[in-house]
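What follows is one structure encoded as structure tokens, with my remarks underneath.
Along the sequence shown, residues carry numbers from 1. Values below: every heavy atom of this structure, side chains too, minus hydrogens, waters and symmetry copies.
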Amino acid sequence: MKGGTKIMAGLRFSVHQLSEQDTSVKFDLQIQSSNQYNNTSKPVSIVTKLAVLAKVEIRGVSAPEQIFLPIANWHPKEKPVLEDDIGPLVQHIYELRNKGPSTFTKAILDVEWPYRFNNGSLLYITKYEVDGAMNCSTDMEINPLNVSNPMYWDKNVTIVSGDRTEGRNRNRRDLKEQGDDGELISLDCEKAQCLKIKCQVGRLERGQSAILFIYSRLAVATFLQAESQNRSYIVKSSATFSVIEMPYKNLQFEMPTNTTSASLNVVWVNVTGTEPAPVWVVVVAVLAGLLLLALLIFIMYKLGFFNRVRPPQEDGTEKEQLQPQENGDRNTEA
């Protein structure tokens, strides 16, 4: 290398085996060359301070995202036995994910769940499950009616409409007409009574997550009350997390915190024009059709429509009479 030449090089390090008391990392640098004389430079020390940064995000989703009311052929039961007796399945999922690079060892997840409205149930929780380092508890009893579900629960499968949700059969025109009639009424903890689910989240390193699955049933009977009909709602649950402990004692850092929500649209659709006809109307229509058919047959009978008309037989008779005579003439000539 010629004198006066400068070379810039970048080095990227991955530091391991740091203790909780470390606050910085020291790098000792020295250049060695192939010169015969002065082939080593003076050592230089660089001290890099350690910083803590944990990007933690929370996501919430509702499955399904909307339910249409009223539900065809569904009637409320005074004493429900199965979960379907209450209403269609609604699942809210909250995922807490640590995107790193730092690790946290403890966090709190608080969920507010709307469960009563207009002196009736709103979202009736049947069970909840967790996936990951998380333990949860509630401030009220879950599933006090002890309803059962014969279906197999699978949290890894998207919830399908075996619960009589008919949103897939509605078109966008119904939604647009409903939106023109009025705004959706928000049912959160300000307008509905809420129960609380408190979860203790354990250690999550970079890329790890903890998930809370809440299974519930929409209480359709509440929305069939006179004061709740012909209105559409947004039913919201909310979740807030706060990181309260990180494995770094001598470092300054900011504890991550955030809030999100999951929403279910309950849309009331006017289905007056599509209601099935009463049974008596069908019976009268069938009898009237049969009477009209009998009258038509009687008129055609009187007009002789069913009388059989035979073709004339004269030509055939003449041929039969002429045939023997012709045979006799031939015999005479012979």
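Crowding of Gln30 atom CD: a count of heavy atoms from other residues, nucleotides or ligands under 6.0 Å exceeding 12. The local environment of CD in Glu227 is crowded, with over 12 non-hydrogen atoms from other residues, nucleotides or ligands closer than 6.0 Å.
Using a 3.5 Å distance cut-off with no hydrogens or angles, the side chains of Thr259 and Thr240 do pair a donor with an acceptor. One side chain, Asn143 or Tyr124, offers a donor N or O that lies under 3.5 Å from an acceptor on the other. For the residue pair Ser261/Ser238, the side-chain donor-acceptor check at 3.5 Å is not satisfied.
Residues that satisfy the salt bridge (Lys or Arg N to Asp or Glu O under 4.0 Å) test with Arg206, not counting sequence neighbours, are absent from this structure. Val52 pairs by the side chain to side chain contact (heavy atoms under 4.5 Å, CB included) definition with Ser102, Met246, Tyr248, Leu251, Phe253, not counting sequence neighbours. For Ser41, the side chain to side chain donor-acceptor pair (under 3.5 Å) criterion is met by no residue, not counting sequence neighbours. Residues satisfying the side chain to side chain donor-acceptor pair (under 3.5 Å) criterion with Glu245, sequence neighbours excluded, are Thr105.
Inter-residue side-chain proximity for Leu29 and Ile46 is flagged as met; some heavy-atom pair is nearer than 4.5 Å. A heavy-atom distance below 4.5 Å is not found between the side chains of Ile86 and Val220.
The shortest heavy-atom contact between Cys136 and Tyr128 is O-OH, 3.2 Å. Closest approach of Leu109 to Ala239, counting heavy atoms only: CD1-CB, 4.1 Å.
Using cut-offs of 30° and 60° for the angle between ring planes, the His92 and Tyr94 rings count as perpendicular.
Here side-chain hydrogen bond (donor to acceptor under 3.5 Å, both in side chains) pairs that include residues 106-118, with residues two or more places apart or in two chains, are Asp110-Lys198, Asn118-Ser228.
Between Asp84 and Arg217 there is a salt bridge, since at least one side-chain N of the basic residue sits less than 4.0 Å from a carboxylate O of the acidic one. A salt bridge is defined here as a Lys NZ or Arg NE, NH1 or NH2 lying under 4.0 Å from an Asp or Glu carboxylate O, and Glu57 with Lys55 fails to meet this definition.
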Can you give me every donor-acceptor pair (side chain of residues 188-196, partner residue at least two apart or in another chain, under 3.5 Å) with its distance?
| from | atom 1 | to | atom 2 | distance (Å) |
| --- | --- | --- | --- | --- |
| Asp188 | OD1 | Glu190 | N | 3.1 |

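Ile244 and Leu96 are not part of a single hydrophobic cluster, where members link through side-chain heavy atoms under 4.5 Å apart.
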